[in-house]
Amino acid sequence: MANQVGLPAALSEYIRESSLREDGILRQLRETTAELPAGSAMQVMPEEGQLLTLLAGLTPARRILEVGTFTGYSTLCLARALAPGGRLVTCDITHRWPGIGADYWARAGVEGKIDLRIGDATETLKALLAEEGPGTFDFVFIDADKQGYPDYYETSLALLGERGLIVVDNTLFFGKVVDPDAQDADTAAIRAFNTLVRDDPRVEMSLVPMADGITLIRKKSQPVGE
């Protein structure tokens, strides 16, 4: 949960007090995660989780794909937004962190809607594309290893339905994207990804300066006859 980029602490707290509707299950999961090494930095802000629920509900999403589960806070937010009969596929490299969230998913009554896939995310996404075909997901949330973003984006775009939405987290990366001294591999990967999406003629996009930077991506509608 990176802090709100470029926002004074007092204003960030006011926004939280004025808009956040986090219930006890989500709060307890967030607090449990915060006790882990780097847990707060890796978890989405509760305001962002609430936004994910709102956006997925607007789609409306029957099929959601999440790349990067961690302890499952965003997973729970998204599962609650599923349309009736919907399903969420969430991908992580290990059972260790999603195992923490599983109890909270059960307490919230959404565990039966969640399909957890463990393994390399690039291979998981390719397998989903082969199994289910293109255009089968309504909503995609990407929040995983930053150097994998281009691959995750391309396959997710193939999996996304015509009116679907991709949300990508950490696209300001703790503000390091504008620091000329920040030349580490992850920061460079985020800069390259942002340029890739900005210049992609297949999509509409907006980089929103919320949380650690959130990029919203939608496929452009194809003209009739194409």
Side-chain angles (χ1 to χ4, degrees), residues 25-26 29 44 48-93 95 97-99 101-102 104-145 148-171 193 197 200 202-206 208 214-222:
I25 297 174
L26 282 170
L29 176 54
V44 300
E48 182 179 355
Q50 186 167 301
L51 177 62
L52 289 172
T53 302
L54 177 64
L55 292 173
L58 287 171
T59 308
R62 294 194 74 257
R63 301 291 307 284
I64 295 176
L65 173 61
E66 179 182 45
V67 185
T69 312
F70 192 39
T71 61
Y73 186 97
S74 55
T75 313
L76 177 50
C77 292
L78 290 168
R80 285 176 161 175
L82 282 165
R87 182 168 69 100
L88 185 157
V89 178
T90 185
C91 315
D92 209 276
I93 194 65
H95 280 286
W97 308 124
Y104 295 88
W105 302 342
R107 289 169 54 191
V110 298
E111 75 278 17
K113 302 178 180 181
I114 298 170
D115 177 3
L116 173 63
R117 306 281 183 104
I118 299 298
D120 179 80
T122 299
E123 297 306 316
T124 299
L125 296 183
K126 288 179 180 178
L128 281 172
L129 188 58
E131 291 169 16
E132 308 195 28
T136 49
F137 284 86
D138 307 302
F139 189 96
V140 180
F141 180 50
I142 300 175
D143 182 16
D145 62 294
Y149 272 24
D151 286 341
Y152 305 154
Y153 170 65
E154 283 297 332
T155 312
S156 294
L157 200 60
L159 285 162
L160 193 68
E162 183 178 349
R163 298 185 63 81
L165 181 69
I166 298 176
V167 180
V168 185
D169 199 19
N170 303 120
T171 49
F193 174 76
V197 177
D200 190 344
R202 301 170 296 175
V203 301
E204 300 172 308
M205 58 81 65
S206 179
V208 181
I214 305 168
T215 299
L216 309 180
I217 303 165
R218 188 178 74 163
K219 281 183 179 178
K220 286 184 177 178
S221 299
Q222 293 295 321

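Nearest heavy atoms, C77 versus G49: CB-O, 3.5 Å. L29 and G101 make their closest contact through CD1-CA, 4.2 Å (heavy atoms, listed as atom of the first residue, atom of the second, distance). The two atoms that bring A81 and A56 nearest to each other are CB-CB, 3.7 Å, heavy atoms only. Residues F139 and A61 approach most closely at CB-CB, 4.1 Å, considering heavy atoms. Of all non-hydrogen atoms in L216 and V167, the two that sit nearest each other are CD2-CG2, 3.9 Å. Here the closest non-hydrogen pair linking I142 and S156 is CD1-OG, 4.0 Å.
Two residues are said to be in side-chain contact when any heavy atoms from C-beta on lie closer than 4.5 Å; L65 and L159 meet this criterion. A heavy-atom distance below 4.5 Å is found between the side chains of D138 and R62. At least one side-chain heavy atom of T122 sits under 4.5 Å from a side-chain heavy atom of Y152. Using a 4.5 Å heavy-atom threshold, the side chains of F141 and D169 count as touching. You'll find the side chain of D200 reaches within 4.5 Å of the side chain of L157, heavy atoms only. Side-chain contact between L116 and H95: present, with at least one pair of heavy atoms (C-beta onward) separated by less than 4.5 Å. A heavy-atom distance below 4.5 Å is found between the side chains of E131 and L128.
Distance check: T124 OG1 to I118 CD1 gives 8.5 Å after rounding to the nearest 0.5 Å. Note: L78 CG to L88 CG = 6.0 Å, rounded to the nearest 0.5 Å. Between the CD1 atom of I214 and the CG atom of L52 there is a distance of 7.0 Å, given to the nearest 0.5 Å. Interatomic distance, Q50 CD to L26 CG, rounded to the nearest 0.5 Å: 9.5 Å. To the nearest 0.5 Å, the span separating CZ on R87 from CG on D115 amounts to 5.0 Å. The CD atom of E66 sits 8.5 Å away from atom CG of D92, with the distance rounded to the nearest 0.5 Å.
When atom types are taken as modelled, the side chain of K219 and the backbone of G161 share no donor-acceptor pair closer than 3.5 angstrom. Listed for the W105 side chain is no donor-acceptor partner under 3.5 Å among the backbone atoms of I114.
In this structure, the side chain to side chain contact (heavy atoms under 4.5 Å, CB included) partners of A108, at least two apart in sequence or on a different chain, are I25, L76, R80, V110. By the side chain to side chain contact (heavy atoms under 4.5 Å, CB included) test, E204 pairs with R218, K220, sequence neighbours left out. Applying the ring-ring contact (aromatic ring centres under 6.0 Å, His included) test to F193 and every residue at least two apart in sequence or in another chain returns Y149, Y153.
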Would you sort out whether T69 and T75 count as a side chain to side chain donor-acceptor pair (under 3.5 Å), showing the intermediate values?
CA-CA 7 Å; T69 312; T75 313; 4.9 Å; no

